[in-house]
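Read through the structure below, which is laid out as C-alpha cells, and then see the notes.
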Amino acid sequence: MGDHVDGAAAAEGGPPRVSTGNAGLDDILGGGLDADRLYLLEGRPGTGKTTLALQFLLEGARRGEATLYVSLSETERELRLVAQRHGWSLDGVQVFELVPAEASLDPERELTVFHPSELELGETTRMIFERVAALDPSRVVFDSLSELRLLAQDPLRYRRQILALKHFFAGRRCTVIVLDDLTSHADDLQLHSIAHGVILLEQLAIEYGAERRRLRVVKMRGIAFRGGFHDFAIRTGGLEVYPRLVAAEHHRAFAGEFAPSGSAELDAMLGGGLERGTNALLLGAAGVGKSSLALTYAVAAADRGERAVIYAFDEGRGTMEARARTLGLPLQAAVDAGLVRIQQVDPAELSPGEFASLVRHSVEAESARIVVIDSLNGYLQAMPDERFLVLQMHELLSYLGQMGVVTILVLAQHGLVGPMQSPVDLSYLSDAVLMLRYFEFEGEVRRALSVVKKRSGHHEHTIREFRLSAQGVAVGPPLREFSGVFSGTPRYRGPASPLLGDDDREEHGDGAA
C-alpha cells in the first residue's frame, strides 16, 4: 500500500490515528499510527531509533497521556542525556531501567537479566508486565528486542515471548513500539508477521561528505502510506523526516502569463517570455554567462514585487553579489527587501530529500514565484546515481510547474569550445532550453545565445550574440552571416555590422558563469 492519503480522510474511514510525534513520519503514514497496536522500529545502531521512540513518547506526554520507556540496553542516565542534548525534558515519561549498571559485574549476583537462562527470561517479562499494569500507560517503548533474543536463546522461545507481549497488550488501550537493532545474523521476518507495522531506518556512509539517513515503511496493516525511501536527518530537537516528493499531490491554480526576464530582446527570442509553471534549462560552458542570465530573472521578479529563491551549489553569496554589481543589477536591494533569498547549498552535506523539502518550503511558506538552481552539476554530486537525479528532477520540476513557479536550471557542459558534453541529459525534462556558446571572431572570444527548444509556444530560431555589460545583458541582432557558431569555429561571410558595437562591449569578465 504505497499511496498517500490525507490523515483526516483516513481517520474518517476508521479509528482515530495516534501521532508519532514526528510531522514528516505522520505525513508518510497519512496521519499517524493506528492506536492500540504493536509496531516494530528496526535499524542498526546509530540510525536514530531511540530518538524517534522518545519523540513518540514525548508526544503522548504532551497530550497528557501516561508513557513508559522500558530500557533493557541503555541506562536511564544515558536516555536523559540524549533528551537533554535535544532540548527535551523526560519529566512526563516514565523510564523503567531493567538492568542496574553495577549488577552485571557483581560476581555475587549470578542471576541477572543478561544471563541467558529461562529463569531470567521469565523474570524479565514478569517485571515488565507488573510495571505496565501498575502504570497503565497509553504508549510504551521497548528498547531493545536484541536483549530478549539473547535471553530466549532459540527462535521458538523468542517468538513465544514476542507473542506473549502482543497478547498482553491486546487487552489494553496501549500503543507499543518495540526497537530492534538488527544485531542478529538471521533475518527475523517472524517479527514482521507479528507486528502491526514495520518501519526500517538506515544509515548510509558515502565516500565523501556526511552520512545519509533514510527510512522506509516496510509494512503497515490497513494504512495507505507513501512507499519508498524517505531521507531524514538527526537534528537538535529530533528527527527531521523529508517525505518523498510526489508531484501529483500538489496543485495550485495560477494564470499562465509570461514572467519577464528583464531583457526585452531575450523575451522576444522566447516568443514573449517564459510562461508561469514552466522551466528553462540554461546550457553552456563554464563562464559563458548562464548564472548571470539566471540572476536577471530573479532581479526582474523582485522588480515586480515577486519573491525569488536562488539555490547556489557552486559559488558563494559574495561572488554572486559582486557579479550583480558589475552587471548593474540591484540584487542587494532585492535581498534587503526580502524579495530575493540566496541559499548556499553544500551537496556533500545535503540529501536530495532535504533539498526537495527546502524547495517546497520556499514555494509554500515563502510564496516564491521564481526558483533558480545553480547549478545542476553541484546537485548531481549530491545524488548517488545519475538515474536518481533524473527521477528526482522529474518530480521536482512537475511539482514546481503545478504550483505555477518559473524554474531556471543552470547546467555547465564539459569543455569550453568545440564539441560539448553534458554530465547528464535533462533537456527532455525542460520546457525551454537556451544554448549559450563561445565563438571566435577576428581573434576575439564572443558569446552566442539561441533558444533551441520551447514547448509552450513560438520562439525564435536565430542565433544572436549577447554581451554582459554594466547595463546588464545586451542581446544583438541575429548572426545571419555566420555558420558553425555552435561548433565554436564559425565561418563568417559578411561585414562586422551584425555584431554588437564597441559601445556595448564592456565585458563582465570570467566570473559570468
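Everything quoted here is computed from the prediction, not taken from an experiment. Computation of the quantities below employed the complete heavy-atom set of this structure, encompassing side-chain atoms and omitting hydrogens, waters and symmetry-equivalent molecules.
At least one donor-acceptor pair under 3.5 Å links the side chain of Thr67 to the backbone N or O of Gly92. Of the possible polar contacts, one joining the Arg244 side chain to the Gly227 backbone as a donor-acceptor pair under 3.5 Å is found. Remark: the backbone N or O of Glu354 is paired with a side-chain donor or acceptor of Ser351 at under 3.5 angstrom. Side chain of Arg44 to main chain of Leu182: a donor-acceptor pair is present (N/O by atom type, distance under 3.5 Å, no hydrogens or angles). Side-chain atoms of His230 never come within 3.5 Å of backbone atoms of Pro243 as a donor-acceptor pair (strictly under, hydrogens ignored). One N or O on the side chain of Glu395 and one on the backbone of Ala247 form a donor-acceptor pair closer than 3.5 Å. Judged purely by atom type and a 3.5 angstrom limit, Lys49 uses its side chain to pair as donor or acceptor with the backbone of Gly43.
For the residue pair Ala66 and Leu135, the shortest heavy atom distance occurs at CB-O, 4.3 Å. Gly24 and Asn22 make their closest contact through N-OD1, 3.1 Å (heavy atoms, listed as atom of the first residue, atom of the second, distance). Minimum interatomic distance between Gly48 and Ile234 (heavy atoms only, all atoms of both residues): CA-CD1, 3.8 Å. Here the shortest heavy-atom pairing between Val132 and Phe168 reads CG1-CE2, 3.7 Å. The two atoms that bring Ala294 and Val410 nearest to each other are CB-CG2, 4.1 Å, heavy atoms only. Closest approach of Val93 and Arg80 over heavy atoms only: O-NH2, 4.4 Å.
With values rounded to the nearest 0.5 angstrom, Glu65 atom CD is found 12.0 Å from Leu58 atom CG. To the nearest 0.5 Å, atom OG1 of residue Thr175 and atom NE2 of residue His196 are 10.0 Å apart. The CD1 atom of Ile177 lies 14.5 Å from the CZ atom of Arg37; values are rounded to the nearest 0.5 Å. In this structure, OH in Tyr428 is found 12.0 Å from CG in Leu281, a value given to the nearest 0.5 Å. A distance of 13.0 Å separates OH of Tyr242 from CZ of Arg360, quoted to the nearest 0.5 Å. Taking NZ from Lys166 and CD from Gln161, the interatomic distance works out to 15.5 Å, rounded to the nearest 0.5 Å.
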Exercise. May I have the step-by-step check of side chain to side chain donor-acceptor pair (under 3.5 Å) for Glu74 and Thr50, ending in yes or no?
Key: CA-CA 10 Å; Glu74 291 187 80; Thr50 300; 3.2 Å; yes
Exercise. In sequence, state the C-alpha distance, the side-chain angles, and the governing distance for Leu163 and Ile194, and then conclude on side-chain contact (heavy atoms from CB on, under 4.5 Å).
Key: CA-CA 7 Å; Leu163 284 171; Ile194 294 173; 4.0 Å; yes
Self-check item: Candidate pair Arg213 and Glu202, rule salt bridge (Lys or Arg N to Asp or Glu O under 4.0 Å), full reasoning
Solution: CA-CA 6 Å; Arg213 290 183 169 90; Glu202 290 186 356; over 6 Å; no
Quiz prompt | Intermediate values then yes/no, side-chain contact (heavy atoms from CB on, under 4.5 Å), Tyr399 and Val363 | solution = CA-CA 10 Å; Tyr399 161 78; Val363 172; 3.8 Å; yes
Practice problem: Just do the side-chain contact (heavy atoms from CB on, under 4.5 Å) check on Gln402 and Arg252 with the steps written out, would you? | Solution: CA-CA 6 Å; Gln402 289 165 185; Arg252 175 190 290 171; over 6 Å; no
Quiz prompt | CA sep, side-chain torsions, deciding dist, call: Val70, Asp143, side-chain contact (heavy atoms from CB on, under 4.5 Å) | solution = CA-CA 6 Å; Val70 180; Asp143 184 9; over 6 Å; no
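With Asp136 as the fixed residue, the salt bridge (charged side-chain N to carboxylate O under 4.0 Å, His left out) test singles out one of Arg131, Arg172, Arg173: Arg172. Just one of Val198, Thr20, Val176, Asp34 meets the side-chain contact (heavy atoms from CB on, under 4.5 Å) condition when paired with Tyr39; it is Asp34.
By the 6.0 Å contact criterion, CZ on Arg85 is open, its count of non-hydrogen atoms from other residues, nucleotides or ligands being 12 or less. Residue-environment remark: CZ (Arg126) exceeds the threshold of 12 foreign heavy atoms within 6.0 Å. Heavy atoms of other residues, nucleotides or ligands lying less than 6.0 angstrom from NE2 of His394 number 12 at most. The number of heavy atoms from other shown groups lying within 6.0 Å of CZ (Arg307) does not exceed 12.
Cation-pi geometry between Arg214 and Phe232 is not met: the NZ or CZ atom fails to fall both under 6.0 Å from the ring centre and inside 45° of the normal.
Checked by atom type, the side-chain pair Gln343/Arg341 shows a donor-acceptor distance below 3.5 Å. Between His192 and Glu42, the side chains place a donor N or O and an acceptor N or O closer than 3.5 Å (distance only, hydrogens not considered).
With respect to Arg226 and Asp27, a salt bridge is recorded, a charged nitrogen being found less than 4.0 Å from a carboxylate O.
Contact annotation: the side chain of Leu54 never approaches that of Leu52 to less than 4.5 Å [non-hydrogen atoms, C-beta and beyond]. When side chains are defined from C-beta on, Leu79 counts as touching Ser71, because their heavy atoms get closer than 4.5 Å. Between Val178 and Leu41, every side-chain heavy-atom pair lies at or beyond the 4.5 Å cut-off. Within the 4.5 Å cutoff, no side-chain heavy atoms of Leu179 are placed close to those of Phe142. Two residues are said to be in side-chain contact when any heavy atoms from C-beta on lie closer than 4.5 Å; Met403 and His250 meet this criterion. Side-chain atoms of Tyr297 and Leu282, non-hydrogen and from C-beta on, never get closer than 4.5 Å to each other. In this structure, Ile408 and Val406 have side chains that are in contact, with non-hydrogen atoms separated by less than 4.5 Å. Leu396 has its side chain within reach of Ile373: a pair of non-hydrogen atoms, C-beta onward, lies under 4.5 Å apart.
Applying the side chain to side chain donor-acceptor pair (under 3.5 Å) test to residues at least two apart or on different chains, the pairs with a partner in residues 275-289 are Glu275-Lys454, Glu275-Ser456, Arg276-Glu306, Asn279-Asp431. Residues in residues 345-372 take part in these ring pair (Phe, Tyr, Trp, His ring centres under 6.0 Å) pairs, two or more places apart or across chains: Tyr311-Phe355, Phe313-Phe355, Phe355-Tyr379.
Among residues two or more places apart in sequence or in another chain, the side chain to side chain contact (heavy atoms under 4.5 Å, CB included) test is passed with Gln84 by Leu81.
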